[in-house]
Amino acid sequence: QVQLVESGGGLVQAGASLRLACVASGLTFSDYVIAWFRQAPGKEREFVARVIRSGLTTYYADSVKGRFTITRDNAKNTVGLQMNSLKPEDTAVYYCAAGVRRGTYATDYTYWGQGTQVTVSS
């Protein structure tokens with residue numbers, strides 16, 4: 001059974017940093033592209049960042065470029081999302097997802113975690 005488990009969310013003030021982590025099990029981790037998405041109340045789930053199988057190439061949404069960094073450790077089946085200079089508009093539930101395509105749509109990804117809440121106060 002495939003599981004993706006996110007952690008690291010919380011309540012912070014604007015300008016602060018958080019680091020999210022996603023631990024995967026039940027799949028050959030290095031075979032998958034891993035992405036982070038987020039969903040704010042009343043909004044659709046949106047792409048945040050992705051990292052390819054090797055970890056050498058990353059891609060970010062314009063809204064987080066320069067502030068967020070995605071990394072992966074295939075030996076530990078983990079992906080991290082370092083979030084700096086957080087803004088109130090970053091408030092959302094953050095999801096880790098695994099898929100075989102380098103997509104930016106939620107439908108590009110097969111497996112999903114349950115999410116971790118990030119709240120940024122002004």
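When a residue number appears, it is its place in the shown sequence, counting from 1.
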(request) Looking only at non-hydrogen atoms, find the nearest pair between L86 and R67 and report the distance. (result) CA-NH1, 3.9 Å

(message) How long is the straight-line distance from CZ of R101 back to OG1 of T110, given to the nearest 0.5 Å?
(response) 8.5 Å

(message) Under a 3.5 Å threshold, yes or no: a donor from one side chain and an acceptor from the other, between E89 and T91?
(response) no

(message) Is it the case that the side chain of T116 and the backbone of G9 share a donor-acceptor pair, with hydrogens and angles ignored and the cut-off at 3.5 Å?
(response) yes

(request) State whether K87 and D90 are salt-bridged, where the test is any N-O pair (Lys NZ or Arg NE/NH1/NH2 against Asp/Glu carboxylate O) under 4.0 Å. (result) no

(message) Would the distance check show the side chain of T28 and the main-chain N or O of S30 forming a donor-acceptor pair, the cut-off being under 3.5 Å?
(response) no

(message) How close do A14 and P88 get, counting heavy atoms only, and between which atoms?
(response) CB-CD, 4.1 Å

(request) Could you check Y94, F37, F68 and say which one makes a ring pair (Phe, Tyr, Trp, His ring centres under 6.0 Å) with F47? (result) F37

(message) What I'd like to find out is whether the side chain of V5 reaches to under 4.5 Å of the side chain of Q114, using heavy atoms alone.
(response) no

(request) Could you state whether V100 and I34 fall into the same hydrophobic cluster, counting links through intermediate Ile, Leu, Val, Met, Phe, Trp or Tyr residues with side-chain heavy atoms under 4.5 angstrom apart? (result) yes

(request) Test Y59 against R50 for side chain to side chain donor-acceptor pair (under 3.5 Å), laying out the working first. (result) CA-CA 5 Å; Y59 183 75; R50 70 164 185 252; over 6 Å; no

(message) I need the single residue from T69, T71, L81 that forms a side chain to side chain contact (heavy atoms under 4.5 Å, CB included) with R19. Which is it?
(response) T71

(request) Decide yes or no for L20 and M83: does some side-chain heavy atom of the first lie under 4.5 Å from some side-chain heavy atom of the second? (result) yes

(message) How long is the straight-line distance from OG1 of T57 back to CD1 of I52, given to the nearest 0.5 Å?
(response) 3.5 Å

(request) Check whether NZ of the Lys or CZ of the Arg R53 lies under 6.0 Å from the centre of the six-membered ring of Y32 and within 45 degrees of that ring's axis. (result) no

(message) Quick check: is V120 connected to L18 through a chain of hydrophobic side chains (ILVMFWY, heavy atoms under 4.5 Å apart)?
(response) yes

(message) Please check this pair: side chain of E6 against backbone of C22, looking for a donor-acceptor N/O pair closer than 3.5 Å.
(response) no

(request) Might you point out which heavy atoms bring V48 and V64 nearest each other, and give the distance in Å? (result) O-CG2, 3.5 Å

(request) Could you pull out the closest heavy-atom pair between N77 and L27, with the gap in Å? (result) ND2-O, 4.4 Å

(request) Start with the C-alpha distance between S17 and N84, add both sets of side-chain angles, then the distance that settles side chain to side chain donor-acceptor pair (under 3.5 Å), and finish with yes or no. (result) CA-CA 4 Å; S17 298; N84 298 328; 2.9 Å; yes

(request) Give a yes or no answer on whether the side chain of Y109 reaches the backbone of G103 with a donor-acceptor pair at less than 3.5 Å. (result) yes

(message) Just verifying a value: how many Å separate N74 CG and F29 CZ, rounded to the nearest 0.5 Å?
(response) 5.5 Å

(request) For residues V12 and A16, report the shortest heavy-atom separation together with the two atoms involved. (result) CB-CB, 3.9 Å

(request) Please report the shortest heavy-atom distance between V79 and R72, naming the atom on each side. (result) CG2-CB, 3.8 Å

(message) Counting neighbours of OH on Y60 that are heavy atoms of other residues, nucleotides or ligands and sit closer than 6.0 Å, is the number greater than 12?
(response) yes

(request) Give a yes or no on whether the backbone of V93 and the side-chain of R38 come within a donor-acceptor separation of less than 3.5 Å. (result) no

(message) If you count every heavy atom of other residues, nucleotides or ligands that lies below 6.0 Å from K43 atom NZ, does the total exceed 12?
(response) no

(request) Find the distance between OG1 (T78) and CG (L4) and round it off to the nearest 0.5 Å. (result) 12.0 Å

(message) Does atom CD (Q117) have a neighbourhood of more than 12 heavy atoms from anything else shown, all under 6.0 Å?
(response) yes

(message) One pair to check against side-chain contact (heavy atoms from CB on, under 4.5 Å): C96 and W36. What are the steps and the verdict?
(response) CA-CA 5 Å; C96 173; W36 287 94; 4.1 Å; yes

